[in-house]
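The block underneath contains the structure these notes are about, expressed in structure tokens.
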Amino acid sequence: MGYLRQVLTRCDFPGLPAGKGEDDADLKAFYDGHYQRVRYFVHRHPSHALVEVNIEEAVAGKVVEEAFGILSECWTVRNASSGAGGGWHGRHDRLKALLLGRRPQ
């Protein structure tokens, strides 16, 4: 089991209770449900802007630059480590806060 999957299965997210997520279908359902909840929230709160970025596209940096005003050169791969955990190692509390819509500490 990959590190990110281990982190996700330990956390207790809305739509993905602790202990769930070892099955690909569970993670797909969680992702799809979270995606729909975010889109619904933004729809109901028009003062919020939803920026969707396909991070696998070559133009991802340009999209981020146009949306947030940061230089596209700042958009780079930081967690491509083949080691255990990659860029997520030790950061599951931050990930959980972000997925729950809270400000990470």
- Message: List the residues meeting salt bridge (Lys or Arg N to Asp or Glu O under 4.0 Å) with Glu57, not counting sequence neighbours, and say none if there are none.
- Response: none
Using a 3.5 Å cut-off and no angle test, enumerate the donor-acceptor pairs between side-chain atoms of residues 17-31 and protein atoms at least two apart in sequence or in another chain.
{"unit_1": "Asp24", "atom_1": "OD1", "unit_2": "Arg5", "atom_2": "NH1", "d": "3.1"}
{"unit_1": "Asp24", "atom_1": "OD1", "unit_2": "Arg5", "atom_2": "NH2", "d": "2.5"}
{"unit_1": "Lys28", "atom_1": "NZ", "unit_2": "Asp32", "atom_2": "OD2", "d": "2.7"}

- Message: Please enumerate all residues that pass ring pair (Phe, Tyr, Trp, His ring centres under 6.0 Å) together with Phe41, with sequence neighbours excluded.
- Response: His45, His48
- Message: So, using side chain to side chain donor-acceptor pair (under 3.5 Å) as the criterion, who are the partners of Gln36 when residues are at least two apart?
- Response: none
- Query: Sequence neighbours excluded, which residues qualify as side chain to side chain contact (heavy atoms under 4.5 Å, CB included) partners of Leu50?
  - Reply: Val38, Arg39, Val42, Glu52
- Note on the structure: Members sharing Tyr40's hydrophobic cluster, built from side-chain contacts under 4.5 Å between Ile, Leu, Val, Met, Phe, Trp and Tyr, are none
- Query: Going only through I, L, V, M, F, W and Y residues with side-chain contacts under 4.5 Å, is there a path from Ile55 to Val63?
  - Reply: yes
- Sort and list the pairs that fulfil side chain to side chain donor-acceptor pair (under 3.5 Å) and have at least one residue in residues 58-67, not counting sequence neighbours. Glu65-Ser72
